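None of these values were measured; they are calculated from a predicted model. Whatever order the structure lists ligands and atoms in, that order sets their numbers, starting from 1.
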Amino acid sequence: MRSKILLFGSHGQLGWEMQRTLAPLGEVIAFDFPEIDLTKPESLRNVLRDYAPQIIINAAAYTNVDKAESEPELAYRVNAEAPGVMAEEAMRLNAAFIHFSTDYVFDGKKGSAYVETDTPNPLNIYGKTKLSGDLKVQEVGGSFLIFRTSWVYSLRHGGFVTKVLEWARNQETLRIVDDQIGSPTWARMLAEATAQVIAQGRGEPVGYLREKAGLYHLAGSGSCSRYVWAEAILQLDSKKEEQVVTKLLPAKSSEFLTPAERPVNTALECNRSKIIFNITLPCWKFALRLMSQ
Ligand SMILES: NC(=O)c1ccc[n+]([C@@H]2O[C@H](COP(=O)([O-])OP(=O)(O)OC[C@H]3O[C@@H](n4cnc5c(N)ncnc54)[C@H](OP(=O)(O)O)[C@@H]3O)[C@@H](O)[C@H]2O)c1
């Protein structure tokens, strides 16, 4: 049986890739702002009730980490309240719900990669609102998966990879922090892995995901600093001849004043996804190489 899949955030880095990877699994109905505004719970409920999907996927989020500091209510509505509504409606419709969370729920002080049972302690509004969303979804329960991921990139939107490529074309010297560590995750790999998990349900995804319900870490394998990541981005750039940059220098986070505090080391340990779904995302540098071709 082909499932009816409702996807939110279809213009975002992950949502864009999800549209393509979900297509073989069913009828995909995709929404993004402004067709649907996740700050309006009633219209969200109406859309979900009207379409009555078997699978709901939320790739939408308020992801501007710095701006969230001055728009906490808006971030909370998108990152916490909306996923709560989706989870409730999924329960009501007997649908499966797949949601994405972030490494920024952690304070980065552990000193080694985080596992799912580690206690979150977000340092900024974005992390706090995402954690509230996770808790709401878990409270509702049912057939849900939360994939907590990290440092998502693609060539869409103004993420880190596109920014480094742009700076390299405009500046001779780049200074990039070497005291923030994470697990870069190519949006396409995350989308493919999510589709594989749904496909494992073999036409009965709701029951399958109910059996496997819970929180999972799913990010590119390995970890690196933003400085090392930038170095790899520059090396693997397929249009290197356009670069004007001649020096890449390491810097400290304290040298750049940003509205939101960033955790220092939020590498994610993804063994649980490997054990339960037999899924491991490739090494971050391998994925970056593929994306750069
Ligand atoms: N990016 C990262 O580094 C990162 C790291 C860890 C976890 N994650 C998580 O991974 C997931 C996917 O992230 P991403 O990087 O793909 O995000 P993204 O590129 O920023 O896409 C998010 C999408 O949500 C939409 N959206 C925002 N507010 C909305 C609203 N009020 N109503 C409807 N749609 C709205 C955005 O639309 P507009 O563009 O119009 O605002 C955008 O299309 C999110 O759950 C995020 O928290 C991301």
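Counting protein heavy atoms only, atom 33 (C) of ligand 1 is closest to Ile36 O, 3.2 Å. Of the protein's non-hydrogen atoms, Asp32 OD1, 3.2 Å is the one closest to atom 37 (O) of ligand 1. When only non-hydrogen protein atoms are considered, atom 3 (O) of ligand 1 lies nearest to Val152 N, 3.0 Å. Regarding atom 17 (O) of ligand 1, its nearest protein heavy-atom neighbour is Thr63 CG2, 3.5 Å. Of all protein heavy atoms, the one closest to atom 7 (C) of ligand 1 is Ser101 O, 3.3 Å. Protein heavy atom at the shortest distance from atom 5 (C) of ligand 1 is Trp151 N, 3.5 Å.
Separating the OH atom in Tyr51 from the CD1 atom in Ile56 is a distance of 13.5 Å, to the nearest 0.5 Å.
Residue-to-ligand polar distances place Phe100 within reach of ligand 1: an N/O pair is separated by less than 3.5 Å. Inclusion of Val78 in the set of residues having an N or O under 3.5 Å from an N or O of ligand 1 is not warranted. The distance criterion of under 3.5 Å between nitrogen or oxygen atoms is met by Lys130 with respect to ligand 1. Some N or O of Leu14 is nearer than 3.5 Å to an N or O of ligand 1, by distance alone. Considering backbone and side-chain atoms alike, Leu38 places an N or O below 3.5 Å from some N or O of ligand 1. Annotation: Asp37 places an N or O atom under 3.5 Å from an N or O atom of ligand 1; distance criterion only.
Residue contact check: Thr102 has heavy atoms under 4.0 Å from atoms 6 (C), 7 (C) of ligand 1. The distance from ligand 1 to the heavy atoms of His11 drops below 4.0 Å at these ligand atoms: 43 (O).
Partners of Glu81 under the salt bridge (Lys or Arg N to Asp or Glu O under 4.0 Å) rule, at least two apart in sequence or in another chain, do not exist in this structure.
We find that Lys274 and Glu269 are not joined by a salt bridge, their nearest charged nitrogen and carboxylate oxygen being 4.0 Å or further apart. Checked for salt-bridge contact, Glu116 and Arg272 miss the test: no charged N lies under 4.0 Å from a carboxylate O.
Side chain of Tyr216 to backbone of Asn271: no donor-acceptor contact under 3.5 angstrom is found.
Judged by the 6.0 Å distance and 45° axis criteria, Arg289 is not positioned over the aromatic ring of Trp284. By the 6.0 Å and 45° rule, Arg262 does not stack over the aromatic ring of Tyr104.
Contacts between Asn79 and ligand 1 below 4.0 angstrom, taking non-hydrogen atoms only, are absent altogether.
Of the protein's heavy atoms, none falls inside 4.0 Å of atom 41 (O) of ligand 1.
Note: Phe106 and Tyr114 have parallel aromatic rings, judged against thresholds of 30 and 60 degrees for the angle between ring planes.
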